[in-house]
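For reference, the structure discussed in these notes is given below.
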2 protein chains.
Amino acid sequence: MINASEPGGLILELQSATHATLHALAGRLAGLDLNASEINVLANLADGLSRSIGELASATATKPSTLTSILDRLVRKGHVTRELDPADRRSFRVSLTADGRRAADASREAMGDLEAAALATIAAADIAGFRAVASALTELAR
Amino acid sequence: MINASEPGGLILELQSATHATLHALAGRLAGLDLNASEINVLANLADGLSRSIGELASATATKPSTLTSILDRLVRKGHVTRELDPADRRSFRVSLTADGRRAADASREAMGDLEAAALATIAAADIAGFRAVASALTELAR
DNA sequence: TATTGTTATACTCTATAACTATA
DNA sequence: TATAGTTATAGAGTATAACAATA
């Protein structure tokens, strides 16, 4: 058991929580044939807006070179399209297909269910605190 | 930018924070020639107690088969020892060497510094809230 | 028979650098 | 010349199953 009060304990707890949620998510979405990276990309596209590779890379904290293969698979599975941006023909716009929209909605829903289950007994103020700390940690590496 | 209020947003924010802190940590510990997994194992051993492979696996949320190669490297680098447990000769006790103790302390210190920097402007109540939510998410997948 | 950990295999992520096409 | 993204390459994490040794 991690003692989060010790120096560094908060970060260890953060990593444990991420591992646990990724694992739980993969289980709940097993029927969709999606891995964690694919789920992450789809969830980021779930608002229906298109994104460039660079935008997706910073949203998912991956490199463009990593996204290449993830997007190749998502295109092959019919979940997203990758189309040349007419306004800047060096870059692409990545968008959900109708199928991808369903998978993205299912991903967000599974994440939402997981959150609801985990947060059932947690006070709203604590959730706000979680967001404040997670944001602060995220901003660090920018 | 992630909207953590939407369903699933909290989990996306959690993943971003983990990526960001791992990246920042790797940078601060670049001189130690340790990667994220190795740091995680050392930080878990930082209390000076020995652990079996199975205990380490659940503490770090990795599989024993993944730990094999991580521990091989840590042994080769002289940071840990892996000795047969006399009480149960199927299993090992993993312990820090003197060198490993220094690396583990440096890892926890770097994590502590990172936390201190990120949390400088965060209220204690918010930090408590973060811990409550992270614990709840971690417990989910157990 | 069940459990601990290693080994083998196949797939994926990660980082970096070289490269192409476009700006 | 600089930027967006792909390709190539090498090292590492992941899951699973088969395996040896021990319980």
Side-chain angles (χ1 to χ4, degrees), chain A residues 15-16 18-27 29-30 32-42 50-77 80-95 141, chain B residues 15-16 18-27 29-30 33-42 44 50-77 80-95 141:
Chain A
Q15 292 182 28
S16 291
T18 299
H19 276 128
T21 53
L22 284 177
H23 197 263
L25 257 189
L29 294 173
L32 291 184
D33 184 29
L34 295 170
N35 70 18
S37 303
E38 293 160 4
I39 291 168
N40 197 3
V41 168
L42 290 178
S50 70
R51 281 167 179 78
S52 70
I53 308 287
E55 287 165 349
L56 269 181
S58 74
T60 60
T62 58
K63 304 270 176 184
S65 56
T66 303
L67 274 177
T68 297
S69 63
I70 299 172
L71 291 175
D72 284 347
R73 287 195 303 277
L74 287 174
V75 167
R76 179 156 31 82
K77 291 176 183 175
V80 307
T81 57
R82 180 164 41 182
E83 294 171 330
L84 265 182
D85 182 346
D88 180 347
R89 292 173 48 205
R90 291 170 305 180
S91 73
F92 294 95
R93 303 305 301 176
V94 178
S95 317
Chain B
Q15 293 182 26
S16 291
T18 299
H19 276 130
T21 53
L22 283 177
H23 196 262
L25 255 188
L29 294 172
D33 184 29
L34 295 170
N35 70 20
S37 304
E38 293 160 4
I39 290 168
N40 197 4
V41 168
L42 289 177
N44 270 287
S50 70
R51 282 166 178 79
S52 70
I53 308 286
E55 288 165 349
L56 269 182
S58 75
T60 60
T62 57
K63 303 270 175 185
S65 56
T66 304
L67 273 176
T68 296
S69 63
I70 298 172
L71 290 175
D72 284 348
R73 285 196 303 278
L74 286 174
V75 168
R76 180 156 29 83
K77 291 176 182 176
V80 307
T81 57
R82 178 164 42 180
E83 295 171 329
L84 265 183
D85 182 347
D88 180 348
R89 292 173 47 205
R90 292 171 305 179
S91 73
F92 295 96
R93 304 304 302 175
V94 178
S95 317

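So you know, we letter chains A, B, ... as the sequences are listed, proteins then strands, and number each from 1. Keep in mind that this is a model prediction, so the values were computed, not measured.
We find that CG of Asp33(A) is positioned 16 Å from P of dA15(D), with the value rounded to whole Å. Straight-line distance from the CZ atom of Arg76(A) to the P atom of dC11(C): 11 Å, rounded to whole Å. Put simply, CG on Leu34(B) is 18 Å from P on dG11(D), counting in whole angstrom units. Rounded to whole Å, atom C1' of dT12(C) lies 13 Å from atom CG of Asp72(A). The CG-P distance, from Leu22(A) to dC13(C), rounds to 12 Å in whole Å. Regarding Leu67(B), its CG atom lies at a distance of 16 Å from the P atom of dT16(D), rounded to whole Å. Rounded to whole Å, the distance from CZ on Arg73(A) to P on dT6(D) is 14 Å. Regarding Leu25(A), its CG atom lies at a distance of 16 Å from the P atom of dT14(D), rounded to whole Å.
The side chain to side chain contact (heavy atoms under 4.5 Å, CB included) search around Arg89(A) returns none, not counting sequence neighbours.
Side-chain contact between Leu34(A) and Leu29(A) is absent, with no heavy atoms from C-beta onward closer than 4.5 Å. At least one side-chain heavy atom of Phe92(B) sits less than 4.5 Å from a side-chain heavy atom of Leu84(B). Between Arg82(B) and Leu74(B) there is no side-chain heavy-atom pair separated by less than 4.5 Å.
To the nearest 0.5 angstrom, Ile53(A) atom CD1 is 15.5 Å from Lys63(A) atom NZ. To the nearest 0.5 Å, atoms CG (Leu25(A)) and CG (Asn35(A)) are separated by 12.0 Å. Distance NZ/Lys77(A) to CG/Asp72(A): 11.5 Å, rounded to 0.5 Å.
Closest of all the heavy-atom pairs between Ser16(A) and Ala59(B) is OG-O, 4.1 Å.
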Distances for protein N or O near nucleotides 14-20 of chain C N or O, under 3.5 Å:
| residue | atom | partner | partner atom | Å |
| --- | --- | --- | --- | --- |
| dT16(C) | O4 | Ser65(A) | OG | 3.1 |

Distances for protein N or O near nucleotides 2-5 of chain D N or O, under 3.5 Å:
| residue | atom | partner | partner atom | Å |
| --- | --- | --- | --- | --- |
| dT3(D) | O4' | Arg90(A) | NH1 | 3.3 |
| dT3(D) | O2 | Arg90(A) | NH1 | 3.0 |
| dG5(D) | OP1 | Ile53(A) | N | 3.0 |
| dG5(D) | OP1 | Phe92(A) | N | 3.4 |
| dG5(D) | OP2 | Gly54(A) | N | 2.8 |

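None of Val41(B), Thr66(B), Ile70(B) except one satisfies the side chain to side chain contact (heavy atoms under 4.5 Å, CB included) rule with Thr60(B); the exception is Val41(B).
Between Arg51(B) and the phosphate of dG5(C), there is no side-chain N or O to OP1/OP2 separation shorter than 4.0 Å. Under 4.0 angstrom from either OP1 or OP2 of dA15(D) there lies no side-chain N or O belonging to Asn35(A).
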